[in-house]
Amino acid sequence: MFEAVEGNPSFPAMEEAVLRFWGQHGIFERSLERRRQRNRGRFVFYEGPPTANGLPHPGHCLTRAIKDLFPRYRSMRGYLCERKAGWDTHGLPVEVEVCKELGIHSKQEIEAYGVEPFIHRCQQSVWRYMQEWERLTERLGFWIHLDEAYVTYHQSYVESVWWSLKNLFERGLLYQGYKIVWWWAQGGTALSSGEVGQGYRQVADPSVYVRCPLVDEPQTSLVVWTTTPWTLPSNQFAAVHPELPYAVVEDADGSRLILAAALVEQLAGKLQRPLVQRALLRGSDLVGRRYVPPFDYYYRSLSNRQGRLREGGLEHVAWRVVPADFVTVDTGTGVVHQAPAFGEVDFEVLLREQARFLPGEGPELICAVAPDGTFTAEAGPYQGRWVKDADRDIIRELRSRRLLLHQEQYVHDYPFCWRAEEDPLIQYPRRSWFIRTSQFKQQMLANNARIQWLPEHIRDGRFGNFLETNVDWALSRERYWGTPLPIWVCEETGYVEAVGSYAELLAKPDVQGTEVWQQAKARYPDLPEDLKVHKPYIDAITYASPRAPGKRMRRVSEVIDCWYDSGAMPFAQWGYPHQGRERFAQQFPADFISEALDQTRGWFYSQLAISTLLFGEGMAAGPDAPEAPYPHPFRTCIVLGLMLGEDGQKMSKSRRNYREPQEIFDRYGADALRWYFFANQPPWTSIRYSEQAIRDSIPELLLRLWNVYSFFVIYARIDGFDPAERLAGQLEQLSPAELARGAGYRPLAQRSELDRWILSELHRTTAAITERMDAYDNYTACSRLAAFVDALSNWYVRRSRDRFWSGEQSADKIDAYWTLYECLLTTCKLAAPFVPFLSESLWQNLAVAGTAGRTVESIHLCDYPEADPAAIDEVLSQQMQLVRDIASLGRSARTSARLKVRQPLARVEVVLADPRHRAWLEAHAQIVAEELNVKTVELAERADQYVTYTVLPDLKRLGPRLGKRLPALKNALASADAAALLAELEQHGRILLTADGQQIELGKEDVQVRLAAKPGWTAAHGPSAVVVLSTDLTPELIGEGWARDLVHLIQSRRKELGCAYTDRIAVGLADASPQLAEALQQHSGYIRRETLAVELKMQAIEGVEPVEISLGEETLRLYVRLAERPDGA
RNA sequence: GCGCGCAUAGCUCAGUUGGUUAGAGCGCAGCCCUGAUAAGGCUGAGGUCCCAAGUUCGACUCUUGGUGCGCGCACCA
């Protein structure tokens, strides 16, 4: 038998109990074991590793909730969905966090502190945060194997990454080049974009307009503009937009200038003299023209150097006009000075130019600045000067050489070092390791095209665009806590090798330096083995160079971008290919992943890029890199919107615009939070954290379902409806087929219409939810589930109450129990992926306790319900909906007539728009009568006295047929007599109209009839019907109304007096008018029955405090006294 | 600045190939139930669907251009 149910449940406490139950019985494990045995195929999920740095906030709960939902759902659908957790542990954020602890900043300070203790601290810091995340993960009900998590700093993981890098290296895809970084010259370090972003300030820089004379036409000059004069000595090109118009203008002194036509007037204004246009040309006409740069430090030796182009022919390597799309005419001159060493965009221009030449023949990077921010010897007189300080002298020199056309102040935002406020950052080239991803752009796009993105626009929008503009992946980082780049270089010859594992390294000839790790291990016995593949230990390992006898191979100093770590996760989580080959084969690619939008350029990209390069179609990347058909490594990706704080701002701890997850769990519970995430919006819309909305998700589903469940258990216990007795033998999941074996269980066809209706709704809902969830549409699925629970609670249970209350154990009553039982069980299963805790609680009582433990132990071991088409009765659904609509319209009519439902009315007339369900409705008039408290219900199709008709064209049908004649037809229909049209339609099955001088024939399907209540009637109209109330009140009706009002008031009084449900009372009424007293006397049987009154007298009761009440216009005194209290009450 | 997205009721958000009367929840107002009861239900008020132009017989929906907001990339010669 079921256990008694609390009326006022504490969901958080319940959830804690469920968590304990899952833990003690290993339910997650067993749910997997079950599917493993069934062997219906896999559903592969990848956990995008959270950065184990910083504490989780509600936004992370959303990600983790979605990541739980679909694997749970698919598991219940029979798929084996293994879920391996993972942690992203490397990277700058961890280093910054440790630096904060240590109160240090720069790389020098880290070195001074010691790399070894520093990375020990990094590793420990990561562990602390991982534990916080694990707690959250469990409490949210996110089922994932935390104790088998992959961790990016583990040796096996690092070695997988090494393997992949070696693969790329040996295919020539890993190379060294320059990367333009934001460089803090004084500190000698590059800054991350996050750090740069913090340091922007508005400053006024000098801006100069400089002449660059054309080589073959020295009287004509390009005019370039720059706000960084110190980059001019390193000039390599001038860029123009090929599509823009450029003007050749004549200056006052007769010389000629070239600049964008749109900016001539502006420049003339600045110069305060006219510039006369002499010619107009397109940017593309300028491309290839050579010019003389402002400084000749490089020009004097290289001006005539030419290189061979790939497509044949020769070209000068530098100081010519090149085309570039980024050139605009917003500021400057439309001719852009290019110093590729000091701008990322400029650098890309250089790369593009280099690519046009045969290898080794194109332009080399020119850089007249040293890493400390001073000019090199190449910059002649400026050598040793800090570049920003040299600006003024550079300008002076330009002026004296008559190259300076104009100078002014330019106010703009410019980044400074966030730690040394006076130090401006400069863009600066650094040697860096790259992966040749741009070479695989087409393959990445082809792979991307096959991925199912939700929302769809990510594919060709944000993500697709990003791939289109792909540049080679700058892989290396000059940092400490990260996967070491597995590249060893010969100290003599520069010969380079990549190493694919630690063992491979140890097998190299004459390995030295392993003792550094041994000693560290001896010093700190607790040191995790994994650290031996990290800095500084790995740096110590050298081996004999195969190219230079007696010389050593030494590792480069860099570590790699931690995004590469995460992107390698599909294979590295298994340690592939050094181990886990089988696991990888089973679990690649993923069917489903999900992260927030900010991962577009992060994990979504890193995965796709690595997977395409290693396993792409036609890649033939070696024996351990099997070619796989697209898409991979994931087939479907839900891109979640970002979550904002309560105030619509970014969530931030200091602003306190959200609540800590743990507090949410304690107040409302994980199910409430989950339901709020799943049911309130499609997952990709950006979502605003709302405490109120979380609170509201409790009554919307959780409490409503709980109430139905509680109702069921209360009456099942009273009536002794006990599945344990009624169901013999072994039970599994209490599926419909199993329930059908139950004693007293009757086939659907024999049950009442209401039962058939709710079961039809149940199966319709099941079909809809599975269809939607298969399409990853949790939002619609949730609304269907909520709608069903609403129908169950507010129509089925309400209309069935007296069946449960009736005294005898009729077959109909047992039907009601079986029906409600089945509805509850199925609903729980349907809801289980969404609200796993509540579902489990209900299952524990309804199924496990209810059958004395003969079912499966947990709802999460059950299969997801499947809709039985035979149980679905669409017509009945429509019919019941119609009744509910009519009841609603009737109440609306009552409200407008100010006739409360307690006042009985003689009759209601229902005019139907569509006669199809008329007969059925006539048979069910009783329901309408009860719901509306009327004596009789009459149905009509035509009732011209109450209703006006409008005949409207069916635009969807007629639009294509009639086109422009549609408005004329509309008018013709509107001006015609609707009643006559209907009559014609009924007689001939068609109507003939003249519109625009042409005759149009309309069939029944071409029009819609709409009806509306005529004014003056108490009526309400909707699309399906008009409901007209008779408002005439007879003395009998009024008397009955009084009686019902009185019952209501006595009930209130009982409650005030603290009566138990079963207490009997005595009622006295005084000061009633004669008519009132007589009417109440007449209904005294009804009144006493409803209020459990043993006596009802028309007089005061001694010693009882009366209350003044009013019935209609009348007032009287009500006396209520407790008469008897039955035993046990 | 460039790219992507969003803009619908007081608030938070739906709106499914363009079709006649644009929905929900919360909040608000009124009412009902009182044997699921510190719950529950019903009804109602409330909208220039951001603006403008275009396509169309017809636009909340499609196109273009604005405006505002969010995010990403940059910070610009």
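Lettering of chains follows the sequences in order, A, B, ..., and the numbering in each one begins at 1.
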List in chain and number order the residues that pass side-chain contact (heavy atoms from CB on, under 4.5 Å) with A:Leu1049, two or more places apart in sequence or in another chain; answer none if no residue qualifies. A:Ile1109, A:Leu1111

Correct closest heavy-atom pair for A:Ala341 and A:Ile366 would be CB-O, 3.4 Å

Mind checking A:Thr895 for me? I need base, sugar-phosphate or nothing, with any heavy atom below 4.0 Å counting as a touch. sugar-phosphate

Treating a pair as Watson-Crick (purine N1 to pyrimidine N3 plus N6-O4 or O6-N4) or G-U wobble (N1-O2 and O6-N3) with both distances under 3.5 Å, list the stems of 3 or more consecutive pairs that involve RNA chain B. B:1-7 with B:67-73, B:10-13 with B:23-26, B:28-32 with B:40-44, B:50-54 with B:62-66

Go along nucleotides 57-62 of chain B 5' to 3' and tag each nucleotide: B for a protein heavy atom under 4.0 Å from its base, S when only backbone or sugar atoms are that close, - otherwise. B-----

Looking at A:Ser892, I'd like to know whether one of its side-chain N or O atoms comes within less than 4.0 Å of OP1 or OP2 on B:rG44. yes

Can you tell me how the ring of A:Trp706 sits relative to the ring of A:Tyr709, calling it parallel under 30°, perpendicular over 60° and tilted otherwise? perpendicular

Between B:rC76, B:rC73, B:rA36, spot the one nearest the side chain of A:Thr227, thanks. B:rC76

Name the nucleic acid region contacted by A:Tyr414, choosing base, sugar-phosphate or nothing; use a 4.0 angstrom heavy-atom cut-off, strictly under. sugar-phosphate

side-chain hydrogen bond (donor to acceptor under 3.5 Å, both in side chains) partners for A:Thr1091, two or more places apart: none

Check whether any side-chain nitrogen or oxygen of A:Gln427 sits under 4.0 Å from OP1 or OP2 of B:rC75, and answer yes or no. yes

Mind checking whether A:Tyr668 and A:Tyr676 have ring centres under 6.0 Å apart? no

Quiz question: by atom type and distance under 3.5 Å, do the side chains of A:Asp777 and A:Thr780 form a donor-acceptor pair? yes

Below 3.5 Å is the cut-off: list the nitrogen or oxygen pairs between protein and nucleotides 2-6 of chain B, distance only.
unit_1, atom_1, unit_2, atom_2, d
B:rG3, O2', A:Asn465, ND2, 3.1
B:rG3, N2, A:Arg462, NH2, 3.1
B:rC4, O2, A:Arg462, NH2, 2.9

At less than 4.0 Å, is any side-chain N or O atom of A:Arg704 found next to OP1 or OP2 of B:rG41? Yes or no. yes

To the nearest angstrom, how far is A:Trp706 atom CH2 from B:rA39 atom P? 16 Å

According to side-chain contact (heavy atoms from CB on, under 4.5 Å), who are the partners of A:Asp954, at least two apart in sequence or on a separate chain? A:Lys956, A:Arg957, A:Gln1008

Round to a whole Å and report the spacing from CG of A:Leu703 to C1' of B:rG25. 16 Å

Does a side-chain N or O of A:Tyr715 approach OP1 or OP2 of B:rA36 to a distance below 4.0 Å, or not? yes

From CZ of A:Phe678 over to P of B:rA14, roughly how many Å is that when rounded to an integer? 17 Å

Any base atoms under 4.0 Å from A:Val5, or only sugar-phosphate, or nothing? Heavy atoms, all strands. nothing

Rounded to whole angstrom units, what separation is found between the CG atom of A:Asp346 and the P atom of B:rA74? 15 Å

If you only use heavy atoms from C-beta on, which nucleotide in B:rG72, B:rC13, B:rC42 is closest to the side chain of A:Arg891? B:rC42

If you look at every strand shown and take non-hydrogen atoms under 4.0 Å, does A:Tyr779 touch a base, only sugar-phosphate, or nothing? sugar-phosphate

What's the gap between B:rU67 and B:rA9 when it is taken at their C1' atoms, as a whole Å value? 22 Å

Tell me which nucleotide among B:rU20, B:rU34, B:rA14 gets nearest to the side chain of A:Asp954. B:rU20

Is the phosphate of B:rC32, meaning OP1 or OP2, less than 4.0 Å from a side-chain N or O of A:Lys900? yes

Proximal nucleotide (of B:rA77, B:rA14, B:rA36) relative to the A:His337 side chain: B:rA77

Under the rule for side-chain hydrogen bond (donor to acceptor under 3.5 Å, both in side chains), what residues qualify as partners of A:Arg1053, not counting sequence neighbours? A:Glu1056

With sequence neighbours left out, the residues meeting side-chain hydrogen bond (donor to acceptor under 3.5 Å, both in side chains) with A:His406 are A:Glu408

Between C1' on B:rA24 and CG on A:Asp696, what's the gap in Å once rounded to a whole number? 13 Å

With respect to the phosphate group of B:rA74, does any side-chain polar atom (N or O) of A:Trp182 fall under 4.0 Å of OP1 or OP2? no

Does anything in residues 222-232 of chain A form a salt bridge (Lys or Arg N to Asp or Glu O under 4.0 Å)? List the pairs, not counting sequence neighbours. none

With a 3.5 Å cut-off and no angle check, do the side chains of A:Trp805 and A:Tyr715 form a donor-acceptor pair? yes

Look at A:Thr685 and B:rA14 and indicate whether a side-chain polar atom (N or O) is within less than 4.0 Å of OP1 or OP2. yes

Quickly, which of A:Thr600, A:Asn448, A:Asn470 forms a side-chain hydrogen bond (donor to acceptor under 3.5 Å, both in side chains) with A:Tyr605? Name it, please. A:Asn470

From the options B:rU20, B:rA77, B:rC73, select the nucleotide whose nearest atom is closest to the side chain of A:Arg601. B:rC73

Which is true for A:Trp805 with a 4.0 Å heavy-atom rule: it touches a base, it touches only sugar-phosphate, or it touches nothing? sugar-phosphate

To the nearest Å, how far apart are A:Gln692 CD and B:rU12 P? 13 Å

For a quick test of reading the model: is some side-chain N or O of A:Thr600 closer than 4.0 Å to OP1 or OP2 of B:rG72? no

If each of A:Val336 and A:Asn680 is mapped to the nucleotide of RNA chain B with the nearest heavy atom, which maps nearer the 5' terminus, i.e. the 5' end? A:Asn680

P gap between B:rC69 and B:rC76, integer Å: 23 Å

Looking across every strand, which nucleic acid part, if any, lies under 4.0 Å from A:Val797 by heavy atom: base, sugar-phosphate, or nothing? base

For A:Trp603, what residues pass the side-chain hydrogen bond (donor to acceptor under 3.5 Å, both in side chains) criterion, not counting sequence neighbours? none

Using the side-chain contact (heavy atoms from CB on, under 4.5 Å) criterion, which residues pair with A:Leu955? Sequence neighbours excluded. A:Pro953, A:Leu966, A:Lys970

Mind checking if A:Pro455 touches a base, just sugar-phosphate, or nothing, with heavy atoms under 4.0 Å? nothing

Closest-nucleotide ordering on RNA chain B, the 5'-leading residue of A:Val708 and A:Asp598: A:Val708

With the side chain of A:Lys956 defined as its heavy atoms from C-beta on, choose the nearest nucleotide among B:rC13, B:rA36, B:rG19. B:rG19

Separation of B:rG30 atom P from A:Arg898 atom CZ, nearest Å, is 11 Å

In this structure, how many angstroms lie between the P atom of B:rG35 and the CD1 atom of A:Ile1065, rounded? 12 Å

Is the phosphate of B:rG41 approached by A:Asn794 (side-chain N or O, under 4.0 Å from OP1 or OP2)? yes

Donor-acceptor list for residues 696-704 of chain A side chains, cut-off 3.5 Å, not counting sequence neighbours:
unit_1, atom_1, unit_2, atom_2, d
A:Asp696, OD1, A:Gln692, NE2, 2.9
A:Ser697, OG, A:Ala672, O, 2.8
A:Ser697, OG, A:Ile694, O, 2.6
A:Glu700, OE1, A:Trp675, NE1, 3.1
A:Arg704, NH1, A:Asp790, OD1, 3.3

